[in-house]
Protein chains: 2
Amino acid sequence: MGRVKLQIKMIENTTNRQVTYSKRRNGLIKKAYELSVLCDVDVALIMFSPSERLSLFSGNKSIEEILARYVNLPGHERGGRFSSAFLLS
Amino acid sequence: MGRVKLQIKMIENTTNRQVTYSKRRNGLIKKAYELSVLCDVDVALIMFSPSERLSLFSGNKSIEEILARYVNLPGHERGGRFSSAFLLS
DNA sequence: TCGCCTATTTATAACGC
DNA sequence: TGCGTTATAAATAGGCG
C-alpha cells in the first residue's frame with residue numbers, strides 16, 4: 001500500500017528500512033492481535049531485527065505458554081509449516 | 001476492511017469464524033513474509049486455533065533457530081513485549 | 001531524525017455461483 | 001460447503017514540516 005507499488009525485496013537504504021520496519025512491525029502486531037480476538041486463536045509472534053531490539057506479541061496466553069505448547073507437540077505433527085517458499089502472488 | 005466496519009470481538013458463528021481465520025491467517029503470514037524480506041528481519045509466527053491445525057511461519061531461518069535464539073537471550077532482556085494490552089486505535 | 005498526512009495499494013467482509 | 005468477485009475498510013510509501 002502507499003503511493004507506489006512496492007517490490008518485495010530487501011530495502012537497501014538503512015534509514016528507510018528501519019522506518020518501514022517500525023511501521024510494518026506495528027501493523028503486523030495489530031493484525032496478530034485482531035486474529036487472536038476475532039477467531040479465538042493463540043498467536044505468538046517473535047521478531048529479531050539486525051539493528052532494532054527483539055519484539056514479541058502474544059494474545060491472552062504468554063509467549064512461554066505458546067512456545068511450550070509448540071515444543072511439546074507429540075511426535076512432530078507440526079503441520080501447516082510455511083517458510084520463505086510460501087510466496088503469495 | 002470489507003463491506004462493513006468490523007468490531008474486534010470474537011466471531012460467534014463458528015463457520016464464519018473459521019472462514020475469517022483462514023483468510024486472515026494467510027494475510028498475516030503474507031505480511032510476516034514481506035516484513036522479513038523488506039527489512040531483513042527474522043520472524044517466527046505460531047498460531048493455534050481451537051478447531052484448525054497449528055500453523056507456522058518463519059523466514060529464511062527455521063522456527064527452531066528463532067525459538068532457540070529467543071530462549072537463549074541473556075538474562076531476560078526480552079524487551080519490546082506486547083500482549084493483549086497492546087491495543088491499537 | 002521524527003511524527004503526522006494522504007494518495008494509493010492491499011486486505012478482506014459480504015456476496016454470488 | 002466452497003471458491004471466486006466486488007465494494008469498502010485498512011495499512012502504508014513517500015512527502016511535508
Side-chain angles (χ1 to χ4, degrees), chain A residues 1-59 79-89, chain B residues 1-59 79-89:
Chain A
M1 313 87 162
R3 300 299 180 87
V4 133
K5 181 170 170 57
L6 185 67
Q7 300 302 312
I8 302 302
K9 62 188 290 292
M10 209 251 271
I11 297 171
E12 297 297 338
N13 181 282
T14 302
T15 302
N16 192 18
R17 187 170 65 246
Q18 293 195 353
V19 169
T20 294
Y21 175 64
S22 178
K23 288 180 175 181
R24 279 177 173 259
R25 178 171 55 84
N26 289 338
L28 190 63
I29 289 173
K30 181 176 181 179
K31 289 288 193 154
Y33 162 72
E34 293 181 352
L35 180 66
S36 72
V37 172
L38 287 170
C39 304
D40 192 28
V41 170
D42 287 336
V43 177
L45 180 59
I46 301 177
M47 294 172 276
F48 284 101
S49 80
S51 48
E52 305 243 357
R53 188 164 290 297
L54 164 71
S55 294
L56 299 174
F57 167 82
S58 64
R81 179 170 305 188
F82 299 100
S83 72
S84 297
F86 182 77
L87 304 183
L88 292 168
S89 62
Chain B
M1 314 93 159
R3 301 297 181 87
V4 132
K5 182 171 168 57
L6 184 67
Q7 300 302 312
I8 302 303
K9 60 189 291 294
M10 209 250 270
I11 297 170
E12 297 297 339
N13 181 282
T14 302
T15 302
N16 192 18
R17 187 170 63 247
Q18 294 194 355
V19 169
T20 294
Y21 175 65
S22 177
K23 288 181 175 181
R24 279 179 173 257
R25 177 171 54 83
N26 289 339
L28 190 63
I29 288 173
K30 181 176 181 180
K31 290 285 193 158
Y33 162 71
E34 293 181 352
L35 180 67
S36 71
V37 172
L38 287 171
C39 304
D40 192 28
V41 170
D42 286 337
V43 178
L45 180 60
I46 301 177
M47 293 171 278
F48 284 101
S49 80
S51 48
E52 305 242 359
R53 187 165 291 295
L54 164 71
S55 293
L56 299 176
F57 167 82
S58 63
R81 178 172 304 188
F82 301 99
S83 73
S84 296
F86 183 77
L87 303 182
L88 293 168
S89 65

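Please read these numbers as outputs of a predicted model, since none were measured by experiment. In what follows, chains carry the letters A, B, and so on, assigned in the order in which the sequence lines appear, proteins first and then strands, with residues in each chain numbered from 1.
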Can you tell me how far [atom2] of [N] sits from [atom1] of [X], to the nearest Å?
X     : N      : atom1 : atom2 : result
A:K30 : C:dT10 : NZ    : C1'   : 14 Å
B:K9  : C:dA13 : NZ    : C1'   : 15 Å
A:K23 : C:dC2  : NZ    : P     : 13 Å
A:Q18 : C:dT1  : CD    : P     : 10 Å
B:Q7  : C:dA13 : CD    : P     : 13 Å
A:L28 : C:dT10 : CG    : P     : 17 Å
B:K31 : C:dT10 : NZ    : P     : 10 Å

Mind listing the closest non-hydrogen atom pair of A:F57 and A:S36 along with its distance? CZ-OG, 4.3 Å

Mind checking A:T20 for me? I need base, sugar-phosphate or nothing, with any heavy atom below 4.0 Å counting as a touch. sugar-phosphate

By nearest-nucleotide position on DNA chain D, the 5'-leaning member of B:T15 and B:L38 is B:T15

Please compare B:E34 and B:N16 by the position of their nearest nucleotide in DNA chain C and report the one closer to 5'. B:E34

If you measure from [atom1] on [X] to [atom2] on [Y], what distance do you get to the nearest 0.5 Å?
X     : Y     : atom1 : atom2 : answer
A:L35 : B:L45 : CG    : CG    : 8.5 Å
A:D42 : B:I46 : CG    : CD1   : 10.5 Å
A:T14 : A:R17 : OG1   : CZ    : 4.5 Å
B:E34 : A:Q7  : CD    : CD    : 11.0 Å
A:Q18 : A:N16 : CD    : CG    : 10.0 Å
A:C39 : B:I11 : SG    : CD1   : 5.0 Å

What does the list of N/O pairs under 3.5 Å between the protein and nucleotides 6-8 of chain C look like, with a distance for each?
unit_1 : atom_1 : unit_2 : atom_2 : d
C:dT6  : O4'    : A:R3   : NH2    : 3.3
C:dT6  : O2     : A:R3   : NE     : 3.2
C:dT6  : O2     : A:R3   : NH2    : 2.9
C:dA7  : O4'    : A:R3   : NE     : 3.1
C:dA7  : N3     : A:R3   : NE     : 3.4
C:dT8  : O4'    : A:G2   : O      : 3.1
C:dT8  : O2     : A:G2   : N      : 3.1
C:dT8  : O2     : A:G2   : O      : 3.4

The first and last nucleotides of DNA chain D lying within contact of chain B, meaning any atom under 4.0 Å from one of its heavy atoms, run from D:dT6 to D:dT12

Measure the shortest side-chain to side-chain distance between B:L6 and A:L38 over non-hydrogen atoms and say whether it is less than 4.5 angstrom. yes

So do the side chains of B:M47 and B:L28 get within less than 4.5 Å of each other, counting heavy atoms only? yes

